[in-house]
Amino acid sequence: MTAATTPGHGPLSGVRVVELAGIGPGPFAAMLLADLGADVVRVDRPGGVALGVSPEYDVTNRNKRSVLVDLKAPDGPARVLDLVERADILIEGNRPGVAERLGVGPEDCHARNPRLVYGRMTGWGQDGPLAQRAGHDIAYIALTGTLGMIGSPGEPPPAPANLLGDYAGGSLYLVVGVLAALHHARAGGTGQVIDAAIVDGTAHLSAMIHGMLAAGGWQDRRAANLLDGGCPYYGTYETADGKHMAVGALEPQFYDGFTRLLGLADFADARRDRTRWGELREAVAARFRSRTRDEWTDVFAGTDACVAPVLSLREAPHHPHLAARGTFTEHGGITQPAPAPRFSATPTSVRGGPALPGADTSDVARDWDVPRLVDDVEDADRETPRRVLENPQ
């Protein structure tokens with residue numbers, strides 16, 4: 001069983017959120033709201049959803065509670081609408097029109113609760129020629145131009161996990177949208193629908209780059225610019241042990257420290273001379289290959305040369321700075337990122353592990369005063385949630 005939200009844990013304490021179970025950016029957005037103290041109730045479906053993580057390890061469902069509702073059952077939509085009537089926010093990530101067909105679309109929900117903030121998370125958005133097409137992070141960011149900025153020329157752009165599209169361009173924009181709409185509703189307005197599309201959010205992230213492109217300060221090709229690996233003092237280099245160091249010595253004073261500590265004083269004047277960048281890159285690469293990553297980490301330790309070791313996921317929690325700040329935390333045997341950002345008056349924490357499907361139905365029914373949730377709950381409990389990789393949405 002996961003613990004119920006404890007009052008006072010985070011700035012969103014007292015905010016109620018209904019999350020219709022999905023995968024990817026929707027659950028992550030709901031996790032962020034839960035981390036900030038909201039009482040997030042995830043409506044899981046019998047049989048589970050397509051996801052390659054067992055429920056007990058899915059940390060995007062931490063700090064939440066779960067109820068089990070079959071929206072295709074005759075009374076399924078009514079049970080969800082009972083929750084909606086008492087909620088501040090709803091989050092769903094189905095293709096456009098699916099929630100409407102299930103009887104829990106914006107019109108149905110606002111009929112029960114006019115002040116509800118209805119957050120919709122999709123890749124392509126609620127309208128447009130591709131709105132009904134399936135997709136994943138990599139396709140969304142491909143069309144926005146952001147994927148095309150990454151990687152080396154002459155090679156295919158690498159897949160940057162699903163952080164850029166799903167979470168940065170999707171989840172975070174959904175959270176900004178629903179919190180802004182919640183403020184509007186509480187200030188005397190009405191509820192509204194938030195159309196958070198990954199293509200919109202990811203494109204928005206590139207605002208500065210588009211400004212530089214218009215001003216002639218950015219070339220529309222890979223590895224030809226200051227921040228995309230084209231600059232020899234902003235990028236990554238392999239070390240003697242096959243690991244890597246990251247360099248970001250952009251400003252003159254940082255560059256001077258970088259070249260001095262690297263033993264490349266002859267290149268002190270090469271920072272602005274693009275004709276020497278190829279020579280500088282080769283010299284920097286050769287120097288980094290002469291020592292191990294840990295040796296170079298010691299060389300640059302305590303300096304403002306803006307050089308750092310490239311750590312793995314398992315290494316990162318043990319870095320002295322991240323350990324001192326508690327950037328990562330351990331809960332229920334799982335090492336995971338701690339809630340962010342931080343608040344001086346309303347601190348946040350990982351209060352409960354991943355919500356197991358249906359485990360909190362009785363508690364939510366009591367706390368939200370929705371007795372219909374527990375009708376036939378024993379039958380629902382007999383449905384064993386299964387998480388598989390098949391049929392991604």
Side-chain angles (χ1 to χ4, degrees), residues 10 23-25 27-32 34-36 51-54 56-63 137-138 141 146-147 150-151 157-172 175 202 205 227-229 233-250 254 258 261-262 284 288-289 291-343 347-354:
I23 61 172
F28 186 86
M31 181 203 75
L32 181 50
D35 283 353
L36 297 179
L51 182 64
V53 180
S54 296
E56 62 268 26
Y57 293 104
D58 187 359
V59 296
T60 64
N61 286 327
R62 72 187 185 191
N63 287 339
D137 178 292
I138 197 165
I141 66 175
T146 50
L147 179 60
I150 303 170
N162 69 329
L163 304 179
L164 176 56
D166 276 356
Y167 296 143
S171 304
L172 296 184
V175 169
T202 307
L205 289 170
L227 303 175
D228 66 354
Y233 45 91
Y234 194 91
T236 57
Y237 291 91
E238 185 176 2
T239 55
D241 52 353
K243 298 179 181 179
H244 298 87
M245 297 293 289
V247 177
L250 291 176
F254 304 148
F258 167 64
L261 290 167
L262 206 59
V284 171
F288 272 120
R289 284 194 298 268
R291 298 186 186 182
T292 67
R293 186 192 66 180
D294 290 347
E295 288 174 331
W296 282 118
T297 298
D298 290 339
V299 168
F300 289 101
T303 75
D304 281 341
C306 299
V307 178
V310 178
L311 302 181
S312 71
L313 289 174
R314 294 192 184 279
E315 289 176 317
H318 303 290
H319 187 276
H321 179 77
L322 303 185
R325 283 185 57 81
T327 299
F328 292 86
T329 188
E330 189 274 339
H331 189 281
I334 303 175
T335 299
Q336 56 197 281
R342 305 182 185 195
F343 299 83
T348 59
S349 65
V350 178
R351 306 179 304 279

**Student:** Quick check for you: to the nearest 0.5 Å, what is the distance between Leu36 atom CG and Met31 atom CE?
**Tutor:** 9.0 Å

**Student:** Enumerate, atom names and distances included, each donor-acceptor pair closer than 3.5 Å involving a side-chain atom of residues 330-342, sequence neighbours excluded.
**Tutor:**
residue	atom	partner	partner atom	Å
Glu330	OE2	Gly333	N	2.5
Gln336	OE1	Arg62	NH1	2.8
Gln336	NE2	Ile334	O	3.2
Arg342	NH1	Arg325	O	2.8
Arg342	NH2	Arg325	O	2.8

**Student:** For Thr329, give me all partners under side chain to side chain donor-acceptor pair (under 3.5 Å), at least two apart in sequence or on another chain.
**Tutor:** none

**Student:** As an exercise, state the distance from CZ of Arg351 to CG of Asp35, rounded to the nearest 0.5 Å.
**Tutor:** 7.0 Å

**Student:** Should we count CZ of Phe343 as having more than 12 external heavy atoms under 6.0 Å?
**Tutor:** yes

**Student:** Kindly indicate, with the supporting measurements, whether the criterion side-chain hydrogen bond (donor to acceptor under 3.5 Å, both in side chains) is fulfilled by Thr239 and Asp241.
**Tutor:** CA-CA 6 Å; Thr239 55; Asp241 52 353; 2.6 Å; yes

**Student:** Could you tell me the separation between the OG1 atom of Thr236 and the CE atom of Met245, rounded to the nearest 0.5 Å?
**Tutor:** 11.0 Å

**Student:** Show every side-chain hydrogen bond (donor to acceptor under 3.5 Å, both in side chains) that has at least one partner inside residues 305-320, sequence neighbours left out.
**Tutor:** Arg293-Glu315, Ser312-Glu315

**Student:** Kindly compute the distance separating OG1 (Thr60) from CG (Leu32), expressed to the nearest 0.5 Å.
**Tutor:**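 Separation between the atoms: 12.0 Å.
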
**Student:** With sequence neighbours left out, write down each residue that passes ring-ring contact (aromatic ring centres under 6.0 Å, His included) with Phe288, or none if nothing qualifies.
**Tutor:**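 ring-ring contact (aromatic ring centres under 6.0 Å, His included) check on Phe288 returns Tyr237, Trp296.
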
**Student:** Which atoms form the tightest heavy-atom contact between Ala305 and Phe300, and what is the distance?
**Tutor:**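 Heavy atoms of Ala305 and Phe300 come nearest at CB-CD2, 3.7 Å.
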
**Student:** Flag yes if more than 12 heavy atoms outside Leu163 fall under 6.0 Å of its CG atom; otherwise flag no.
**Tutor:**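 Yes, because the 6.0 Å sphere around CG of Leu163 holds more than 12 heavy atoms from other groups.
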
**Student:** Quick one: closest heavy-atom pair of Phe258 and Ala249, and the distance?
**Tutor:** CB-CB, 3.8 Å

**Student:** Just verifying a value: how many Å separate Leu172 CG and Phe28 CZ, rounded to the nearest 0.5 Å?
**Tutor:** 6.0 Å

**Student:** Ignoring hydrogens and geometry, is there a side-chain-to-backbone donor-acceptor pair from Ser171 to Asp166 under 3.5 Å?
**Tutor:**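 Such a contact is found between Ser171 side chain and Asp166 backbone.
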
**Student:** Only counting residues at least two apart or in another chain, list the ones meeting side chain to side chain donor-acceptor pair (under 3.5 Å) with Asp137.
**Tutor:** none

**Student:** Give, for atom CG of Leu164 and atom OG1 of Thr146, the distance between the pair rounded to the nearest 0.5 Å.
**Tutor:**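 That separation rounds to 4.5 Å.
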
**Student:** For a side-chain contact (heavy atoms from CB on, under 4.5 Å) check, start with the C-alpha distance between Val284 and Tyr233, then their side-chain angles and the critical distance, and finish with the verdict.
**Tutor:** CA-CA 8 Å; Val284 171; Tyr233 45 91; over 6 Å; no

**Student:** List the atom of Asp304, the atom of Phe254, and the distance in Å for their closest heavy-atom pair.
**Tutor:** O-CD2, 3.0 Å

**Student:** Going by the rule side-chain contact (heavy atoms from CB on, under 4.5 Å), which residues pair with Ile138 if we only count those two or more places apart in sequence or in a different chain?
**Tutor:**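 Ile138 satisfies side-chain contact (heavy atoms from CB on, under 4.5 Å) with Leu147, Ala159 only.
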
